[in-house]
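Comments concern the structure below.
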Amino acid sequence: MYTFDSRVRYSETDENGKLAPLALMNYLQDCSLFQSEALGVGLQRLKEKKRAWLLSGWQIVIESYPKFAEPIRIGTIPYSFKGGLGHRNFAIWDADGNFLVKANSRWMFVDTEKGTLVRPDEEEKAAYGEEAPLEMEYAPRRMRMPEGLEAQEVIEVREHHLDTNHHVNNAQYVAMALELLPAGETVREIRAEYHAQAHLGDQVIPYIGWEGDWFYVGLAFAPGQYYATVALRTEKTKDTH
């Protein structure tokens with residue numbers, strides 16, 4: 001397992017002084033990138049080989065949100081490589097070693113010139129190795145979107161949505177979904193699937209709806225055709241004042 005230590009910054013907190021969901025996701029994403037850099041198979045190495053790991057799905061279960069200035073440890077475990085697909089877990093712990101967050105993720109290894117799925121070479125697989133996955137309740141691989149979702153105002157892709165692959169970063173789709181979540185809801189689980197790449201200037205059409213305590217957001221380029229689908233399991237926010 002690869003880990004790094006941090007402390008919740010004020011700039012990462014929400015109005016209640018706790019780590020915001022988007023900042024939480026960024027910690028997980030950064031953890032995997034830090035591990036790759038430490039192992040010598042980071043962004044520059046992949047660029048030279050015309051390869052990239054692209055995220056295809058998230059499941060993030062949030063037991064508790066750390067507060068401003070609280071020390072935290074972030075970790076990741078690659079646990080499976082099959083063909084051009086990879087799986088890795090993530091976790092965030094408090095200073096006493098208690099789990100705050102557990103997550104699972106699915107990745108695709110692609111040829112960036114051809115846009116096709118390829119197998120990781122021995123350098124990649126040997127660098128990461130494989131460990132036992134975390135104990136957690138794993139969601140089904142495919143997320144079912146409910147019927148009757150309602151279209152919302154179009155979102156235009158801006159520069160701040162993009163990452164070094166020149167398309168919308170995976171966390172930014174979740175950020176779009178979070179912006180549509182009604183006030184007074186605390187997110188306890190995030191599920192996301194990525195279907196197509198949105199680029200600068202593209203028009204994203206959000207479709208939203210509820211099913212129980214799950215808030216669903218489809219981020220589409222045409223009705224029923226999605227860049228990404230997001231589901232947020234929520235509970236009513238407790239009054240912290």
Side-chain angles (χ1 to χ4, degrees), residues 1-4 22 24-60 74-92 103-134 138-139 141-143 157-176 190-202 204 219 221 225-230:
M1 176 182 289
Y2 175 86
T3 64
F4 76 97
L22 180 60
L24 185 155
M25 290 188 69
N26 287 335
Y27 268 119
L28 304 185
Q29 182 171 237
D30 288 344
C31 188
S32 63
L33 290 168
F34 289 163
Q35 183 188 36
S36 296
E37 293 298 323
L39 294 173
V41 288
L43 294 176
Q44 184 58 39
R45 180 63 176 151
L46 288 173
K47 184 177 181 181
E48 293 169 358
K49 296 165 67 174
K50 298 180 174 56
R51 297 290 187 265
W53 283 105
L54 300 182
L55 189 67
S56 66
W58 269 124
Q59 179 195 7
I60 304 170
I74 305 93
T76 186
I77 303 170
Y79 69 85
S80 173
F81 293 99
K82 293 181 180 178
L85 303 177
H87 295 78
R88 65 163 69 229
N89 287 133
F90 294 86
I92 299 178
N104 188 43
S105 60
R106 301 186 306 275
W107 301 76
M108 300 182 299
F109 197 59
V110 299
D111 181 316
T112 55
E113 284 194 327
K114 299 178 181 178
T116 56
L117 196 67
V118 293
R119 291 177 179 271
D121 58 26
E122 289 306 314
E123 178 189 26
E124 289 283 334
K125 291 192 289 186
Y128 290 113
E130 293 185 26
E131 300 184 46
L134 285 180
Y138 288 86
R141 187 173 181 275
R142 292 295 181 187
M143 182 168 60
V157 174
R158 305 287 189 180
E159 285 86 351
H160 72 271
H161 293 121
L162 307 180
D163 60 20
T164 56
N165 293 311
H166 308 297
H167 55 68
V168 174
N169 180 264
N170 72 86
Q172 289 296 324
Y173 290 109
V174 177
M176 294 177 191
I190 299 169
R191 297 182 188 174
E193 293 181 3
Y194 304 99
H195 310 284
Q197 296 177 3
H199 300 86
L200 184 64
D202 284 346
V204 180
L219 298 162
F221 53 89
Q225 300 182 61
Y226 298 113
Y227 291 116
T229 49
V230 179

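No experiment lies behind these values; they were computed from the predicted model shown.
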Chi angles and distances behind the side chain to side chain donor-acceptor pair (under 3.5 Å) call for Tyr173, Thr229: CA-CA 8 Å; Tyr173 290 109; Thr229 49; over 6 Å; no
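- Shown here are the side chain to side chain contact (heavy atoms under 4.5 Å, CB included) partners of Glu37, two or more places apart in sequence or in another chain: Leu43.
- Between His161 and Met176, the closest side-chain pair of non-hydrogen atoms falls below 4.5 Å.
- The closest side-chain heavy-atom distance from Gln197 to His166 is not below 4.5 Å.
- Residues that satisfy the ring-ring contact (aromatic ring centres under 6.0 Å, His included) test with Tyr226, not counting sequence neighbours, are absent from this structure.
- Lys50 pairs by the salt bridge (charged side-chain N to carboxylate O under 4.0 Å, His left out) definition with nothing, not counting sequence neighbours.
- Atom NZ of Lys47 is surrounded by 12 or fewer heavy atoms from other residues, nucleotides or ligands within 6.0 Å.
- Of the possible polar contacts, one joining the Thr76 side chain to the Asn89 backbone as a donor-acceptor pair under 3.5 Å is found.
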Step-by-step side chain to side chain donor-acceptor pair (under 3.5 Å) determination, Gln29 to Asn169: CA-CA 10 Å; Gln29 182 171 237; Asn169 180 264; 3.0 Å; yes
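- The closest donor-acceptor contact from the side chain of Asn170 to the backbone of Leu55 lies at 3.5 Å or more, if one exists at all.
- Between Trp58 and Leu28 there is a side-chain heavy-atom pair separated by less than 4.5 Å.
- No salt bridge links Asp121 with Arg51; every basic N to acidic carboxylate O contact stays at or beyond 4.0 Å.
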Chi angles and distances behind the side-chain contact (heavy atoms from CB on, under 4.5 Å) call for Leu46, Glu124: CA-CA 10 Å; Leu46 288 173; Glu124 289 283 334; 3.3 Å; yes
